[in-house]
Amino acid sequence: MPSDTRSTLDALEQYYDTVPRSGARTEDFGPLTLFVREGAGWPFYARPTRLWSGAATTAADVDRVRARQREVGAPEAFEWVAETTPLLRKAVEESGLEVHEHPLMVLDSSAPTRAPHPSVRVLDAADPLLSAALAVPQLAFAAPGTAVGDAGPAELAREIAARLGDGRVENTAARIRTGRTTVAAALGDGSVLCSGMHNPVDEVTEIVAVGTLPSARRQGLGLAVTAALAADARARGVGTVFLSAGDEDVARMYGRLGFCRVATALIAE
């Protein structure tokens, strides 16, 4: 592995270990660390323990973590980088989980910043559309792929209503105020059609939860939101901007913004 790639992956591993800690407690399982969400927000997962130097992870280790995840009501989910922890996949699959591969991509520092899309803006903590921006990815991920789907404004309104009082809007607003999260959204007809966020830690950030309302797909909105988030990260002085693409087709789309594949992100559930 080239030294610059190794350095980048080391920075990503540090980020992966750091970013959940502001909203989760950790539980030690030797070669694995379980992050348990405290408060409202997306549930977390288990990851390889940072700088672990002991024995390789076994299926029994994975089984112990999965049992604990069931106890605390967390998804039985594991995330890691194939090139950084290559032996984990065998243990996870022996435990009975399915492993999904996703291109792990980093923004080329020489890539030009795209001009802002006229329908995309960064939301502040008091923006009335913040609740919609957090709900859109839920509908997007419930209908995987890039094909135009049925879920539209009516379904979005129901999703927002169903999440009233769950604390996610308040939690995200607090993170926006303290600079730990940026949310961007593409707007149309007074509502959110696509949204995403990035969560900077020092000089590294990951663009996550980019999703388009299924009825609004095939308009380039996901790319526009991603470009806005990348531009915001650069404006904040972030040197390493990365993301995981859903599949190879999506990776090619991100490549148009200057993202380059450096490794493979693995997700098991």
Distance check, rounded to the nearest 0.5 Å: [X] atom [atom1] versus [Y] atom [atom2]?
X: Gln69; Y: Glu269; atom1: CD; atom2: CD; answer: 11.0 Å
X: Arg66; Y: Leu32; atom1: CZ; atom2: CG; answer: 12.5 Å
X: Glu159; Y: Leu139; atom1: CD; atom2: CG; answer: 5.0 Å
X: Thr226; Y: Arg114; atom1: OG1; atom2: CZ; answer: 10.0 Å
X: Cys260; Y: Leu104; atom1: SG; atom2: CG; answer: 12.0 Å
X: Leu34; Y: Phe78; atom1: CG; atom2: CZ; answer: 8.0 Å

Just by distance, do the side chain of [X] and the backbone of [Y] share a donor-acceptor pair under 3.5 Å?
X: Arg218; Y: Thr146; value: yes
X: Thr205; Y: Asn199; value: yes
X: Ser95; Y: Ala91; value: no
X: Arg37; Y: Pro20; value: no
X: Ser215; Y: Ala151; value: yes
X: Asp17; Y: Gln14; value: no
X: Thr178; Y: Ala174; value: yes
X: Gln138; Y: Ala135; value: no
X: His102; Y: Gly246; value: yes

Q: Measure from NZ or CZ of Arg47 to the centre of the six-membered ring of Tyr16, then state whether that distance is under 6.0 Å and the direction lies within 45° of the axis.
A: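 Output yes; distance and angle both within limits.
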Q) Thr33 and Thr26: side-chain hydrogen bond (donor to acceptor under 3.5 Å, both in side chains), yes or no, with the steps? A) CA-CA 7 Å; Thr33 297; Thr26 60; over 6 Å; no
With a 4.5 Å cut-off on side-chain heavy atoms, are [Y] and [X] touching?
X: Ile176; Y: Leu130; value: yes
X: Arg121; Y: Asp127; value: yes
X: Leu221; Y: Ser119; value: yes
X: Met197; Y: Ile207; value: no
X: Leu266; Y: Thr264; value: yes
X: Val106; Y: Thr240; value: yes
X: Pro103; Y: Ser244; value: no
X: Leu129; Y: Ser191; value: no

Looking at [Y] and [X], is any side-chain nitrogen of the basic one under 4.0 Å from a carboxylate oxygen of the acidic one?
X: Arg261; Y: Glu248; value: yes
X: Asp232; Y: Arg236; value: yes
X: Glu27; Y: Arg68; value: yes
X: Glu170; Y: Arg168; value: no

Q.
With side-chain contact (heavy atoms from CB on, under 4.5 Å) as the criterion, how do Thr18 and Glu13 come out once you've worked through the C-alpha distance, each side chain's angles and the decisive distance to 0.1 Å?
A. CA-CA 9 Å; Thr18 302; Glu13 285 297 312; over 6 Å; no
Flag yes if [X] and [Y] sit in one hydrophobic cluster, no otherwise; membership is Ile, Leu, Val, Met, Phe, Trp, Tyr, and two members link when side-chain heavy atoms are under 4.5 Å apart.
X: Leu223; Y: Phe259; value: yes
X: Val36; Y: Trp80; value: yes
X: Val99; Y: Leu97; value: yes
X: Leu12; Y: Val208; value: no
X: Leu243; Y: Val210; value: yes

(Q) Run Thr182 and Val122 through side-chain contact (heavy atoms from CB on, under 4.5 Å) and show every step you take. (A) CA-CA 7 Å; Thr182 294; Val122 171; 3.7 Å; yes
I'd like to know whether [atom1] of [X] has more than 12 heavy-atom contacts from other residues, nucleotides or ligands below 6.0 angstrom.
X: Asp202; atom1: CG; result: no
X: Asp249; atom1: CG; result: yes
X: Glu93; atom1: CD; result: yes

**Q.** Verdict with reasoning, Thr58 to Asp61, per side-chain hydrogen bond (donor to acceptor under 3.5 Å, both in side chains)
**A.** CA-CA 5 Å; Thr58 65; Asp61 294 321; 3.1 Å; yes
Testing the basics here: between [X] and [Y], what is the closest heavy-atom pair and its distance to 0.1 Å?
X: Ala263; Y: Glu83; value: CB-OE1, 3.2 Å
X: Pro31; Y: Thr57; value: CB-OG1, 3.3 Å
X: Met105; Y: Ala245; value: SD-CB, 4.2 Å
X: Val192; Y: Ala185; value: CG1-CB, 4.0 Å
X: Gly196; Y: Leu229; value: C-CD1, 3.6 Å
X: Leu257; Y: Leu107; value: O-CD1, 3.4 Å

Q) So among Glu101, Glu98, Glu94, which one has a salt bridge (Lys or Arg N to Asp or Glu O under 4.0 Å) with Arg89? A) Glu101
Q) So, do Phe242 and Tyr15 have ring centers that fall under 6.0 Å from each other? A) yes
Q) Stepwise, does the side-chain hydrogen bond (donor to acceptor under 3.5 Å, both in side chains) test hold for Ser131 with Arg163? A) CA-CA 9 Å; Ser131 59; Arg163 296 184 173 278; over 6 Å; no
